[in-house]
Amino acid sequence: LALLPPLKGHASKEKTILLDLIQQIIDGKVIKKDEKFYLKNKQGNLEFTLLAEGYRKLGLLYSLIQNGSISSGSILFWDEPEANLNPKLTQQLVNIILELQRMGTQIFIATHDYVFLKELELSKKKEDALMYHSLYKENEEIKSQSVENLNEISNNVINDTFDSLVGRALGFEWED
């Protein structure tokens with residue numbers, strides 16, 4: 001789908017906001033020439049293969065939004081969107097994901113990152129439709145828990161691991 005040409009005409013306000021948010025992170029625009037993708041910025045046209053993996057993922061998202069493959073009513077499955085991105089970009093990434101949700105894209109994200117989850121929790125607005133799911137094993141059976149607020153997850157290995165790390169850093173003995 002990324003190879004589809006960009007839609008013609010004026011972009012909607014929502015689409016423009018999303019593309020601008022991505023452009024801020026990747027510091028340029030995504031262009032396609034001869035079925036190859038490039039990041040066009042002040043340094044020229046950088047082929048995607050020369051970019052960090054996190055930037056390539058955002059560049060792909062940019063292309064899919066630009067050509068209408070991701071829009072209101074579409075579904076996006078994204079495994080660890082924060083992977084291979086500088087952690088200081090997490091807030092901007094979360095803003096992009098929340099804007100996609102607000103424009104009507106249904107998004108399923110898998111993550112193991114405490115900072116990403118916490119940023120999502122802190123950045124969401126009351127009207128945002130978010131659901132958190134936890135998969136865990138109990139007596140060799142896979143179970144799940146679904147909640148609207150992150151702090152309501154009782155089987156949260158990500159949070160437990162982070163708490164343990166902070167406890168150890170502060171010199172506390174930590175028990176699971």
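Computed over heavy atoms, backbone and side chain alike; hydrogens, waters and symmetry mates excluded.
Residues L122 and V94 form no side-chain contact, since every pair of their non-hydrogen atoms from C-beta on lies 4.5 Å or further apart. Within the 4.5 Å cutoff, the side chain of L98 has heavy atoms near those of the L130 side chain. Annotation: side chain of F116 is not in contact with side chain of P87 (no heavy-atom distance under 4.5 Å). Using a 4.5 Å cut-off on side-chain heavy atoms (C-beta onward), Q145 and S154 make contact. E99 is listed as a side-chain neighbour of L21, based on a closest heavy-atom distance under 4.5 Å. Side-chain contact between T16 and L19 is absent, with no heavy-atom pair separated by less than 4.5 Å. The shortest side-chain heavy-atom distance between N156 and N151 does not fall under the 4.5 Å cut-off. Inter-residue side-chain proximity for L61 and L76 is flagged as met; some heavy-atom pair is nearer than 4.5 Å.
Considering all non-hydrogen atoms of both residues, I153 and S134 come closest at CG2-CB, 3.6 Å. Minimum heavy-atom separation, D128 to K125: OD2-N, 2.7 Å. When all heavy atoms of T111 and E80 are compared, the pair lying nearest together is CA-CG, 4.1 Å. Here the closest heavy-atom approach between residue R102 and residue S123 is recorded as NH2-O, 4.0 Å. When all heavy atoms of T49 and R56 are compared, the closest pair comes out as O-NH1, 3.8 Å.
With L18 as reference, I65 is the one residue of I70, T105, I65, I97 to meet the side chain to side chain contact (heavy atoms under 4.5 Å, CB included) rule.
In this view, E140 and K137 satisfy the salt bridge (charged side-chain N to carboxylate O under 4.0 Å, His left out) rule, not counting sequence neighbours. For the ring-ring contact (aromatic ring centres under 6.0 Å, His included) test, no residue two or more places apart in sequence or in another chain qualifies with Y132. In terms of the side chain to side chain donor-acceptor pair (under 3.5 Å) criterion, Q91 has no residue partners (sequence neighbours excluded).
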Which pairs would a plain distance check flag for residues 23-36, meaning a side-chain donor or acceptor within less than 3.5 Å of a matching protein atom at least two apart in sequence or in another chain?
from : atom 1 : to  : atom 2 : distance (Å)
Q23  : OE1    : Y62 : OH     : 3.0
K32  : NZ     : L3  : O      : 2.5

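Rounding to the nearest 0.5 Å gives a distance of 11.0 Å between CG of L58 and OG of S63. Taking NZ of K40 as the reference point, atom CG of L46 lies at 12.0 Å (rounded to 0.5 Å). Considering OG1 of T90 and OH of Y114, their distance stands at 13.0 Å, rounded to 0.5 Å. In this structure, CG in L93 is found 8.5 Å from CG in L89, a value given to the nearest 0.5 Å. The CG atom of L100 sits 11.5 Å away from atom CD1 of I17, with the distance rounded to the nearest 0.5 Å. Rounding to the nearest 0.5 Å places CD of E121 at 7.5 Å from CG of N149.
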>> Please determine whether side-chain hydrogen bond (donor to acceptor under 3.5 Å, both in side chains) holds for the pair Q92 and N95, giving the CA-CA distance in whole Å, both sets of side-chain angles, and the decisive distance to 0.1 Å.
In response: CA-CA 5 Å; Q92 290 171 281; N95 288 337; over 6 Å; no
>> As a quick check of understanding, evaluate side-chain hydrogen bond (donor to acceptor under 3.5 Å, both in side chains) for E141 and N139, giving each step before the final call.
In response: CA-CA 5 Å; E141 183 180 344; N139 299 325; over 6 Å; no
>> Between Y136 and V157, does the side-chain contact (heavy atoms from CB on, under 4.5 Å) criterion hold? Intermediate values first, please.
In response: CA-CA 9 Å; Y136 59 97; V157 176; 5.9 Å; no
>> Working note: S69 + N67, criterion side-chain hydrogen bond (donor to acceptor under 3.5 Å, both in side chains); need CA distance, chi angles, decisive distance, verdict.
In response: CA-CA 6 Å; S69 295; N67 70 26; 2.7 Å; yes
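Without hydrogens or angle criteria, S164 side chain to D160 main chain gives no donor-acceptor distance under 3.5 Å. Remark: side-chain polar atoms of S72 are paired, donor with acceptor, to backbone N or O of M103 under 3.5 angstrom.
Within 6.0 Å of CD1 on I142 lie no more than 12 heavy atoms contributed by other residues, nucleotides or ligands. The environment of H133 atom NE2 is dense: over 12 non-hydrogen atoms of other residues, nucleotides or ligands sit within 6.0 angstrom. Heavy-atom contacts from other residues, nucleotides or ligands closer than 6.0 Å to CD of Q43 number more than 12.
Legend: ring pair (Phe, Tyr, Trp, His ring centres under 6.0 Å) pairs involving residues 29-59, not counting sequence neighbours, sorted by first then second residue: F37-F48.
The other members of the hydrophobic cluster of F77, by chain and number, are I75, F108 (side-chain heavy atoms under 4.5 Å, ILVMFWY only).
Hydrophobic clustering places I22 together with L1 (ILVMFWY residues linked when any side-chain heavy atoms are closer than 4.5 Å, directly or through intermediates).
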